[in-house]
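See below for the structure under consideration.
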Amino acid sequence: MEALIPFSLNALTLISILLMVSMGMAIIFGLMNVINLAHGEFITIGAFTLVVVQGLGGNFWLALIAAPIVGYIIGLALEKALIARIYENPLHAILVTWGLSLILQQVIQLIFGASPQSITGPFPGSIDILGVAYPAYRLFLIAFALATFAATILVFKKTKFGLDLRASIQSSEMASVMGVNPDKINARAFASGAALAALAGVLLAPLTAVTAYMGINYLARSFFVVLVGGAGSISGVAAGSGLIGSLETALSYEIPTTVAQALVLALAIVILRFRPQGILPA
Amino acid sequence: MSKSNVTRRQTLATLGKGAALAGVATLGMPAIVRAQSGPIKLGFLSGLTGLETILGETQLNCFKLAVSQINAASGIAGRQIEFIVEDDQTTTKGAIDKARKLINQDQVDATIGLIASLTHVAARSVTTPAKKLLMYTTYYEGDVCERYFFSTGQIPNQQIDPSVEWLTANEGKSTYIIGSDYVWPRKSADAIKAAMEAKGGKVLDAEFFPFGTSDFGPALDRVKSANPDFVWCMCAGNDLITFLKQFNSFGLGKQLFSQGLDDVFSQAEPELTNGAISDQSYFMGIESEENAKFKAAYRDMFGPKPINAIGEATYNAVYLYKAAVEKAGSTETEAVIDALGQVEFDAPQGKVSFASNNVARSNSILARANNGDWDVIKDFGQVDPVVPGCSL
Amino acid sequence: MTVTIPLLSLRNVSRSFGTFKAVTDVSEDFGPEELNCIIGPNGAGKSTLLNMICGTLAVSSGSIHFGDESIGGMSGDKIARLGIARKFQVPSVFPSLSVVENFHVSASNALSANELDEILSTVNLSVDRDTTASELPHGKKQWLEIGMALSMQPKVLLLDEPTAGLSVDETRATSEFLRTLRGKVTVVVIEHDMAFVRDLKAHTMVLHHGKVIASGSFEDIENNDLVRDVYLGRR
Amino acid sequence: MTTTILNTTPGQITRKQKLGPASIIAIGIILALLILPAFVQGYTLTSYRDVLLFALFALSLDLFWGKTGILSFGHATFFGLGAYGMAIMSIHFSIDPAIVSLVGLLAGVGMAALVALIVGYFILYGGVRGAYFTIVTLALTLIANHVAVGWPSVTGGDSGLIGVPPFSILGWSFADPISSYYLALIVLGACLLSSMWVMSGRLGLILTAIQDDEIKVQTLGYKTPLLLLMTFAASAAMAALAGGLYAAGNGFVAPDMIALLLSTEVIIWVAVGGSGTLVGAVIGTAIVWWLQQKISSINASAWPIVIGTFFILLVLVFPKGPAAFVLDKVKKLRRDKEDDR
């Protein structure tokens, strides 16, 4: 029984990480159908916002507010300048966003240097849960990820922006007849996706090395979370993260982690054969 | 990369054109004679973009420092050193392409550098058949035995064996290994097992994680259950930082040992590395006249940046090459290789020289990180490298 | 053509989407080498029926036979290879290929130069042979698609509103052309345009709310009260 | 019907019956490459040989991506399987040296084709197309790379396997730079010309038609998943052929020959040459290789920025590829001149 607690907490941590990094992807790839290979760099931008904020004397919480704003602004600018021209052609999206990703990585490295950036996270100690000590920050991460997820769902289900976005995805012609400007909605949706990714970057920074290349580690997996969960639905992300995260954690207790990760990816391919729409389609 | 570097490259390019013209003028001379006058050409090849940028930069700086010192002091046997810097992007394709360029197009006399194992394998596939000298300057698993390949970093018997001796005597008899999933940690784990067992100790388990692992939680959970006397980490590069962050947050209260830690890591993350033990051939804290001069010169040229063993080994490689050329009286590869076995250099870490297996006799220093610096716990002095069955 | 064409027969064919019944209990024979029309108001289930015959949609219950072979639930490409060709409602040709290339793709066997010329003149596209399909006007796209169906040398030709969007002249030409097929191939046409159906003098079946409410010669249908109420009466 | 798909009797497909500009360019390039060793010697020639093999790899991707419009992000998997097949066969098994290269090559090519068939079956028959296919194949490369790194007893792990013998067959050895260069050139030339020939026939038309409207092609009686699967497998086999020869040429394999970076690089090569032209893949590979050599030697950190910017320009300025961009300009110039007359 006691062994089960750290196991479930570890699984929850991984699920939360996947959830955080995939929510932005669920909007940009899942809803808007843009293959964004620069998604990882939006995460990196978030983490480096934390580096800058702390460098200027601010703290983690300030960065947690600043990063989504920075992500939103950069996302908005990039959408206007580049992404808006590539909605029609997935191949163009792949090339442009991959190019963008290379440029962002190198520019961040030129500005900040190659060595890992030092940052300070909140909650250094651990907390006792039913007699098992577990790092406090991880518990915070789990709670924060769930809260962000719930908030995102609410925005998409209840606000006008969410409705407009879903309408304009169904049919941009219909949406414009209804008085929605699809260009504006697309820009805001893309920027929101970037903002969520940047938020994930701040949350990940206390757990991992902050470098210009940190984002690429999350790219392929967030695609998979969205695909397996069901592109086109935000709630699918929870299903996808839940399945991949718990499976990977469980397998890693039994077989080498490398093999476990390969196995989970292979399983995802098989799932797509039988449920091409994902576990929880729109 | 800094602007000055670009200008330097441009200067070199102009120099190169001058050399080409000189080549036309002396076309009648036998090639060997022509090659023995004019500047000596060295190739620097390493990962300057991508995941190993930080190590590659330090390595390149140390290389440039050695070259500029030698050139300022009238060069090698009166000849100036020209150098060409190439980026292997930490890929085999990059390493092969650039090694070929250095050897065929730039016609360098020797190539120095490299970090990741796969790049030295790739570069060797070019340099060894071409019978050109390659000097590798990173501590590694140490199983290469080739006439044209020299290494100035530590190999397991210089790094792991002494560490295990001290750890089993002072920290305890059991350890748990966590490493990145590639050859250096895997082969080193075998060496650790053998060394631990020889001292009556035990490796409880060894786990290897793919590059870019974001969560070590489950592994740390298992470490906790296994309850080893100390934890041995061989995660590489950024994954080492990730591991340290999570290791500290779990607060296991275990001593951490990692021979991947050095001044570059400890100065970037003083809090994270605090208290960890490492074994390197070089730490900035070594007190010697040579090291003081080395650090001062480095600081003058590049500012207050950390130097690590990989960098110092690169610095040593240039000087060892210089000594060998002067001894051989020629840059002809075969003669230089014969001479390399007979020369030594007063390095920042102490005297270094090559053993008969082409690996440098280097120091082995056990130290503990203390707010970014390293306090020497025990200096094992110079250790002879052992590559089973290799004598060249 | 000397090949005997088997009978296309539907027995109690139904198809539902969730709780909605698009087609209910349709039984009908489409006689060999005969012109057949299916008419009915929008949403009557005409296209659904056609989709089931050519395998794009699975049959919920009932059976479709082509000769001795049960084709309900067979994959579309297999049904096509049995000799059932289909023309879609919206002209569906390959826009990035030229007219000739479209025929090369559709033909069941490699076309000889003569066969190609024959098809081109049949559908009146000889001058457009190297035009890219996307550049053809709407009417010519319709003809191209009919030509593609013919190049498969089909035994059954299913046509979904072949005159949609055509001019009066073009419609007349289509009707004339279809009559020349009588006796060579079984033709099933879905149509809206009553004048066109009358012109064809075809065996006609009327669908309403997914059910067959009448079937017979066009004269019979025209004089059927029920049909007049639900469909013809509205005109 | 399938038997007639590959059938291209001359004179049948009128628009393609003349030697098109692409074929003329292809033949021109091959002829130029034939006499290259007269001007380039020694080890530099081995660099050109590797460019030829990478061009073959790019050709294999263009065969699938360019012709079906479905982008595979996993082609490095097949290149890598070819390389590892060659290396594992020649290092782990004691096979008669007279045939070891052939066995290694066949093993690699066979493995690649098999993996393509299995994975292709799962996703192509599952109806996965477009962007989804791209992401799934991306995962394929990640898995393959995990296996290559994480199974050191077979693959040599991170540092790979060294000691792959030069390609030889029944005593004919291609060890020296010149013969291995010609081997690569012959294989590339044969693959290029034969795939151009096949693709100019009905199969090429049908694949283009699938891009336009797959359902319509099905109603014409074609098993479109099967056609896509076969093209994918052929493309994978060709990639493995390139990989196997590359491993034999350089004497070793390493996990970055089966990694995502290589998968993206090959996409760049094809995109630069203009996808769908086949010969463009070869030209694109050479151009990018040359640029990469030059730029990264001048300033290492400039290369990623240059290539990134190039990608963006590629889409925004010349979406059909720089080659097509230039060709269009030339055509327009010519047309303007004719108009003037």
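Lettering follows sequence order; numbering is per chain, from 1.
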- [ ] Taking side chain to side chain contact (heavy atoms under 4.5 Å, CB included) as the test, write out the residues that go with C:S61, two or more places apart.
- [x] C:S14
Open item on the list: Looking at chain D, which one of C:S92, C:A149, C:S75 has the largest number of heavy-atom pairs inside 4.5 Å, strictly under?
Closed with: C:S92
Open item on the list: Are D:R202 and C:V105 packed together at the side-chain level, in the sense that at least one heavy-atom pair is separated by less than 4.5 angstrom?
Closed with: no
Open item on the list: For the CD1 atom of D:I206 and the NE2 atom of C:H104, what is their distance to the nearest 0.5 Å?
Closed with: 11.0 Å
TODO: May I ask you to list the residues in residues 211-219 of chain D that approach chain C closer than 4.5 angstrom, counting heavy atoms only, ordered by number?
DONE: D:D212, D:D213, D:I215, D:K216, D:V217, D:Q218, D:T219
TODO: Might you confirm whether atom OH of D:Y121 has over 12 heavy atoms from other residues, nucleotides or ligands at distances under 6.0 Å?
DONE: no
TODO: Please collect all salt bridge (Lys or Arg N to Asp or Glu O under 4.0 Å) contacts where either partner lies in residues 109-122 of chain C, sequence neighbours excluded, each pair once.
DONE: C:D117-C:R129
Task: D:T224 side chain reached by C:D77 side chain, heavy atoms, under 4.5 Å - done: no
Open item on the list: Tell me which pairs pass side-chain hydrogen bond (donor to acceptor under 3.5 Å, both in side chains) where either residue lies in residues 62-73 of chain D, with sequence neighbours left out.
Closed with: D:S72-D:H75
Task: Sub-4.5 Å side-chain heavy-atom contact between C:F94 and D:L205 - done: no
